[in-house]
Amino acid sequence: MGHDLELEKTRLLSLASEFGFRSDIARHCLQQLVDLYGEDGQDFLTVEHCGDDYLARLADATQVEEDWDTQTQGMEGVADEEWDMRVHKNDRGEKEEEHTDCANDEADEEHSAESDTAESDTSDEDYIDDVASLNKAVNPRLAAYVPDSSESEDVMIIEKPISSRNRDYSVHSITRNIDSKRSWSSKAAMGIHNLNEGVVSDDVGKSAALSNSPTGEKIALDKVNSMDDFDLANLVIFGNQNFRPLQRSACEATMKGNDCFVLMPTGGGKSLCYQLPAILSPGVTVVVSPLLSLIQDQVLTLIKRHDIPATFLSSQQTSSQSWAVIQELRKSRPSCKLLYVTPEKIATSESFQTLLRSLQERGQLARFVVDEAHCVSQWGHDFRPDYKALGILKQLFPTIPLMALTATATQPVREEIMKILHVPRALVLEASFDRPNLTYEVVNKDQDPLKQLGQTIQDRFKGQCGIVYCLSKNECTDVCGYLNKKFHIKAVYYHAGLSNRERMLVQTKWRSNEVQVICATIAFGMGIDKADVRFVIHNSMSKAVESYYQESGRAGRDGMSSTCIILYTKKDFSRIVCMLRASQGASSGRFKWGMQQARKMQAYCAEKKQCRREMLLNHFGEKYDSRQCQLGKNPCDICKNKNMQGAT
Ligand SMILES: Nc1ncnc2c1ncn2[C@@H]1O[C@H](COP(=O)(O)OP(=O)(O)OP(=O)(O)O)[C@@H](O)[C@H]1O
Ligand SMILES: [Mg+2]
């Protein structure tokens, strides 16, 4: 059959309309394309052949007034002073005394190292010996965590500020870590003491009360007795009564020295898979993570919530800050158990590689961890060029175990990750990506979508914590202003255009429930861990299914029922096409790939029959029986409809 030019033109025009472009722009761009191909090239004027080029032209011709947040900044994080403030705030949010003897700068400088050392050593030694002997008697591996007295001396040297005027948060975080160890030791001592001697006072009954048991529940002595290293550390240090699926296998596998690739859902508890082995292993676990803000969050949680010595190195630190960390790592037995780094540290810093080698020679390099490993893949939704260089880890340190973790990898992305990281034989530990406690819905935008959003939050999520995702910075501020003004919903906005200080303030307000809603771009998402987020609403659809899974995955991390809604209109697709065109350095190959991803996302939104959970899981190559969704506690909107139709 011959080529029907008119038919193809109609098809192209309806493509433009389907993706929400204005009809006048659609006609204008089509004419450009017809002129470009000329008479000779008419046969190539088809949706299949030049559909993407046509969409690219449409995007270019559409006036973009929005200020996109196309890429999260690799290196954003809170400023040093603010980080210092966060580390040194106590749980009531007050600023802790840092050094009673350092109130005066002059005095601080003159303060002698010996006097500090002597004072602290006396009390520490007794205490540490006590815990260490208990540990050693009962559980030699946990004992690896308890510092020996020779380290206390080093510790006090580091406690001495390098410059009193230029206070160093790294020094402080290490200092804090040392304190943390003492307090952890007391928790461990409590559990282990009971275990060791069977000493159970009547108060405690026949149980060992563990101070950080999440429920404050008492644990039966025989249960404690039957626990191995993993269970004990999980309970005593992390306050978890049980392991979640695959956590234990991942811990065991990496402790045996295997390379592992851990695939678990958002909020599934991937961090524990390397944090727990880190404290059971001698030496330092080096964790690569993509965002400085995420690193700071994790280090803070480790120090403040779990009392685990952790610190980080990034190229944004001043030389004195990183110097303090490096000095610590040069010790025969560094006190820090987890060292977080941004990927460019590994990729570009030869001195850091030398430091790693020296750690290895001293037997102090426990393992490497690549968190958010999908960032390695060019075809993942959040590619970061520096991640690509992480293959160097296995090349330089073939005997050091490596663990890669992600919640968002399709089959081709998985293969690429294993290839780039040089772990072809890694043990793959794969849990279902299903988040059964999340309800998925898509709602068509009506004539007044902002009002629709405000009404939805007011009617369905009154007083509950949530996130509203927006595509652009302007959208963020507009939506936030509207919610505050018209609906009196306490909301703040977060995007990459805010200063570090502003971002920190906004996040703190949201985290502490001072405000109900955070209106955010994709700059806010990966790894964010707030337990009680009850709803995630996408005011505009995501640019890819993987992004949507990550962003909606911020909801319900405490396991309670939570809702993920997309407010959908075709027009938002055209905005995404514009975003893809505008994103810097997008080669035409990348643009086409971006379009493919966006189309899948649009298909998810436009779907009327297939279960949404099934669609999401199928996207990651997982088979899923939609009857589980239909009969489960949190059916998606489509399954709920089926249930209602079945009932009538
Ligand atoms: N065994 C467990 N029992 C109870 N809570 C747990 C357990 N393991 C992890 N958690 C909690 O689950 C929450 C999510 O964990 P984590 O941040 O490690 O998820 P994640 O898999 O890294 O998710 P994401 O892919 O979104 O980063 C945390 O608050 C953590 O304390
Ligand atoms: Mg995580």
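For ligands, and for the atoms within them, numbers begin at 1 and follow the listed sequence.
- At a heavy-atom distance under 4.0 Å, atoms from both the backbone and the side chain of Ser271 approach ligand 1.
- For ligand 1, one of its N or O atoms has an N or O atom of Gly267 under 3.5 Å away.
- For a threshold of 3.5 Å applied to N or O pairs, the pair formed by Gly269 and ligand 1 contains at least one separation below that value.
- Residue Asn240 has at least one heavy-atom neighbour below 4.0 Å for each of these atoms of ligand 1: 1 (N), 2 (C), 3 (N), 4 (C), 5 (N), 6 (C), 7 (C), 8 (N).
- If you check which protein heavy atom lies closest to atom 5 (N) of ligand 1, you get Arg244 NH2, 3.3 Å.
- At least one heavy atom of Gly268 sits less than 4.0 Å from an atom of ligand 1.
- Residue contacts with ligand 1 for Ala531 are absent, since no atom lies close enough (heavy atoms, distance under 4.0 Å).
- Aromatic pair Phe620/Tyr549: ring centres closer than 6.0 Å.
- In this structure, the separation between OG on Ser432 and NZ on Lys623 is 13.5 Å, given to the nearest 0.5 Å.
- Taking 4.0 Å as the cut-off between side-chain N and carboxylate O, Glu416 and Lys388 do not count as a salt-bridged pair.
- Summarising the local packing, CZ of Phe433 is surrounded by more than 12 heavy atoms from other residues, nucleotides or ligands at distances under 6.0 Å.
- For Trp510 and Phe524, the gap between ring centers is short of 6.0 Å.
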